[in-house]
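One structure is given here, and the rest of the page talks about it.
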Amino acid sequence: MTVGAAATVADWLDRAATVRPRAELFIDGRFSPAASGETFEDIAGRDGSHIASVASGGVEDVDRAVAAARRSFDDRRWSDQPPATRKRVLLRLADLVREHLDELALLESLDVGKPIRDTLSVDVPSAANTFQWYAETIDKTYGEVGPTGPDALSMVTREPIGVVGAIVPWNYPLIISAWKLGAALATGNSVVLKPASQSPLSALRLAELASEAGLPDGVLNVVTGPGAVLGSALARHAHVDKITFTGSTEVGKSLLRAVGESDVKAITLELGGKSPQIVLADVGDLEAAASTIGWGIFYNSGQTCNAGSRLIVHRSVSGELVERIAALGRELAPGEPLDPATRLGSIVDDRQLARILGYVDLGRSEGATVVAGGMRVREESGGYFIPPTILDGVDNRWRVAREEIFGPVLTVTEFDDEDEALAIANDSPFGLAAGLWTRDVNKAHRMSRRIRAGVVWVNTFDAADITVPFGGYKQSGFGRDKGRHALDGYTQLKTTWFDLSGK
Ligand code: NAD
């Protein structure tokens with residue numbers, strides 16, 4: 001069968017029909033069923049079909065996974081290996097991810113409804129690149145010697161935190177798992193990874209590949225099952241030292257409470273967003289801006305934490321810009337995710353579909369005009385599809401402008417002067433990312449400093465690279481994934497003081 005870039009939709013459909021993914025818990029280097037023997041159904045967003053029956057773990061299974069991780073951390077089977085050896089293991093994992101490009105891309109497309117062209121060209125290569133990048137940090141991270149005078153030697157070293165509970169969402173399962181695993185494993189921690197129930201398959205395969213790459217048993221474990229049970233068990237577990245979470249603000253708050261009520265373990269939260277795209281009157285090439293702004297919200301069917309979901313546009317260019325984004329939206333009709341020609345896939349599941357359509361109705365009742373999309377399409381496929389949708393004439397105080405919709409829905413709010421634009425952009429509970437469009441570099445610099453967001457893109461949107469940190473202000477969370485700064489989240493600083501006075 002033809003695979004990779006040359007594969008046709010028929011090839012991918014054939015392959016999807018015969019795929020038999022591993023769907024049990026991965027603990028201590030082995031797959032095993034849940035203690036209860038229970039499973040849950042993993043459903044494909046593209047047609048509502050059954051992909052796999054996945055082990056539905058419970059508290060007992062979390063205990064087993066944490067015990068395996070704890071043993072592997074306490075006996076130092078990973079953290080004490082020479083840096084060059086650990087680096088080789090993670091580099092091998094990066095290679096194995098690349099070698100299994102087709103398989104991982106297919107699992108990710110089936111689980112999430114992402115277009116196969118994206119999982120082949122973005123999700124899988126980006127995950128591999130992340131492992132490679134963090135592997136390369138292992139033998140390039142130095143400690144410090146403190147300036148404590150001639151009678152003392154004070155060393156400041158970075159040590160792994162211990163057992164990390166990593167809880168990840170369904171929108172970029174491989175990429176976000178790789179961000180967390182890359183940094184946590186590079187720094188010598190052991191991990192219990194909890195993927196979302198909509199998208200458990202790539203994490204399970206990744207754990208198997210990590211074993212094949214030489215990661216010792218117990219260092220990476222994967223538990224699947226209900227988030228409220230497993231996530232809370234991890235956050236309250238006395239033998240977990242750190243929680244790293246990416247997901248909704250609501251669940252992030254519950255994890256913060258769980259950590260506070262249990263043992264004050266370390267926690268970082270990468271949460272929701274409602275990112276503004278501010279377009280000034282001197283935007284320049286309107287067509288290029290319309291394309292980038294459109295992709296900034298519609299990519300991955302808007303199921304992106306940093307999606308540029310609020311267009312805040314100067315009144316003088318609003319009409320023309322919105323018309324161009326709407327034209328792009330009409331071109332990007334969602335289609336079969338396994339067709340290599342498809343640019344927009346499905347919504348992840350029926351619940352998310354209903355949520356997005358509910359917000360479109362809410363927008364209408366709040367007074368917005370739907371100028372593109374706004375309804376379910378391709379219903380005959382059995383899948384969950386919504387085309388690019390634009391709500392025009394939105395007041396930033398309305399719920400559609402304040403709450404995360406997490407679908408391909410752009411709201412449009414006009415402004416007259418730049419202070420007003422900044423005030424609207426910052427008037428949000430979230431602060432993950434923002435875009436700013438202007439040809440005036442002085443203005444761009446001045447205004448970008450006043451935007452309260454973890455990432456500000458000037459004259460672009462969603463440009464990304466593993467070299468730079470990613471994370472939010474305000475209710476978009478705290479802590480950072482990606483780049484060297486992410487390593488801080490998985491290490492403790494230890495000061496060791498040697499007395500050299502000879503006394
Ligand atoms: P979610 O919060 O529903 O679930 C995230 C993870 O938490 C899943 O593994 C889920 O099973 C688990 N979970 C669910 N309920 C839980 C509970 N009560 N206690 C502990 N864990 C629980 O989020 P989602 O729907 O999977 O993903 C979408 C959300 O993720 C959006 O809000 C999006 O903005 C956010 N997100 C943020 C970033 C970022 O980097 N800031 C990146 C991607 C997604």
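Just follow the structure's listing: the first ligand is 1, and inside any ligand the first atom is 1.
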Next on the checklist: Under a 3.5 Å threshold, yes or no: a donor from one side chain and an acceptor from the other, between E336 and S381?
Outcome noted: no
Next on the checklist: For atom 27 (O) of ligand 1, what's the nearest protein heavy-atom neighbour? Residue, atom name and distance, please.
Outcome noted: P169 CB, 3.2 Å
Next on the checklist: Out of all atoms in ligand 1, which are within 4.0 Å of some heavy atom of G231? Include the element for each.
Outcome noted: 20 (C), 21 (N)
Checklist entry - If hydrogens are left out, which of G247, A228, S232 has an atom nearest to atom 30 (O) of ligand 1, that is, the closest non-hydrogen atom? => result G247
Checklist entry - Numbering the atoms of ligand 1 from 1, which are under 4.0 Å from a heavy atom of L432? => result 41 (N)
Item to check | Top protein contact for atom 15 (N) of ligand 1, by heavy-atom distance | outcome: V251 CG2, 3.6 Å
Next on the checklist: Quiz question: by atom type and distance under 3.5 Å, do the side chains of S202 and E108 form a donor-acceptor pair?
Outcome noted: yes
Checklist entry - Any non-hydrogen atom of F245 lying under 4.0 Å from ligand 1? => result yes
Checklist entry - Could you go step by step and tell me if T224 and K194 meet the side chain to side chain donor-acceptor pair (under 3.5 Å) rule? => result CA-CA 6 Å; T224 51; K194 209 307 269 159; over 6 Å; no
Checklist entry - Which word best sums up how the rings of Y299 and Y172 line up, parallel for under 30°, tilted for 30 to 60°, or perpendicular for over 60°? => result parallel
Checklist entry - Do Y359 and E403 have side-chain N/O donor and acceptor atoms under 3.5 Å apart? => result yes
Checklist entry - In terms of side-chain geometry, is the basic nitrogen of R71 or D28 positioned less than 4.0 Å from the acidic oxygen of its partner? => result yes
Next on the checklist: Starting from atom 14 (C) of ligand 1, what is the nearest protein heavy atom, named by residue and atom, and what distance separates them?
Outcome noted: G227 CA, 3.8 Å
Checklist entry - Looking only at heavy atoms, what is the nearest atom pair of D42 and D111, with distance? => result OD2-OD1, 2.5 Å
Checklist entry - Do you know which two heavy atoms are closest between I267 and K242, and how far apart they sit? => result C-NZ, 4.3 Å
Next on the checklist: Tell me the protein heavy atom at minimum distance from atom 34 (O) of ligand 1, and give that distance in Å.
Outcome noted: E404 OE2, 2.5 Å
Checklist entry - How close does the nearest protein non-hydrogen atom get to atom 42 (C) of ligand 1, and which residue and atom is it? => result C305 SG, 2.9 Å
Checklist entry - At a 4.0 Å cut-off, with the gap strictly under it, does some heavy atom of P195 reach an atom of ligand 1? => result yes
Item to check | Numbering as shown, the atoms of ligand 1 that approach N171 to under 4.0 Å (heavy-atom distance) | outcome: 43 (C), 44 (C)
Item to check | Best match, F470, W179, F406: closest heavy atom to atom 40 (O) of ligand 1 | outcome: F470
Next on the checklist: Just to confirm my output: which protein heavy-atom neighbour is closest to atom 41 (N) of ligand 1, and how far is it?
Outcome noted: L271 O, 2.7 Å
Item to check | Short side-chain donor-acceptor distance under 3.5 Å, H237 and D63 | outcome: yes
Checklist entry - Any N or O on I167 sitting closer than 3.5 Å to an N or O of ligand 1? => result no
Next on the checklist: Tell me whether T246 has any N or O atom under 3.5 angstrom from an N or O of ligand 1.
Outcome noted: no
Item to check | Gap separating the CZ atom of R310 from the CD1 atom of I405, nearest 0.5 angstrom | outcome: 11.5 Å
Item to check | Proximal atoms of ligand 1 relative to L255 (non-hydrogen, under 4.0 Å) | outcome: 20 (C)
Item to check | ligand 1 atoms in contact with A196 (distance to a heavy atom under 4.0 Å) | outcome: 8 (C), 9 (O)
Checklist entry - Ion pair present between D395 and R397, side-chain N to carboxylate O less than 4.0 angstrom? => result yes
Checklist entry - Taking the six-membered ring of F385, is the NZ or CZ of R378 close enough (under 6.0 Å from the centre) and on axis enough (within 45°)? => result yes
Item to check | Nearest neighbour in protein (non-hydrogen) for atom 2 (O) of ligand 1 | outcome: S248 OG, 2.6 Å
Checklist entry - For ligand 1, which atoms, with element, lie under 4.0 Å from some heavy atom of I176? => result 42 (C), 43 (C)
Item to check | Under the ring pair (Phe, Tyr, Trp, His ring centres under 6.0 Å) test, residues paired with H100 that sit two or more places apart | outcome: none
Checklist entry - At what distance is the nearest protein heavy atom to atom 25 (O) of ligand 1, and which residue and atom is it? => result W170 NE1, 2.8 Å
Item to check | Contact check: V168 vs ligand 1, nitrogen or oxygen atoms, below 3.5 angstrom | outcome: yes
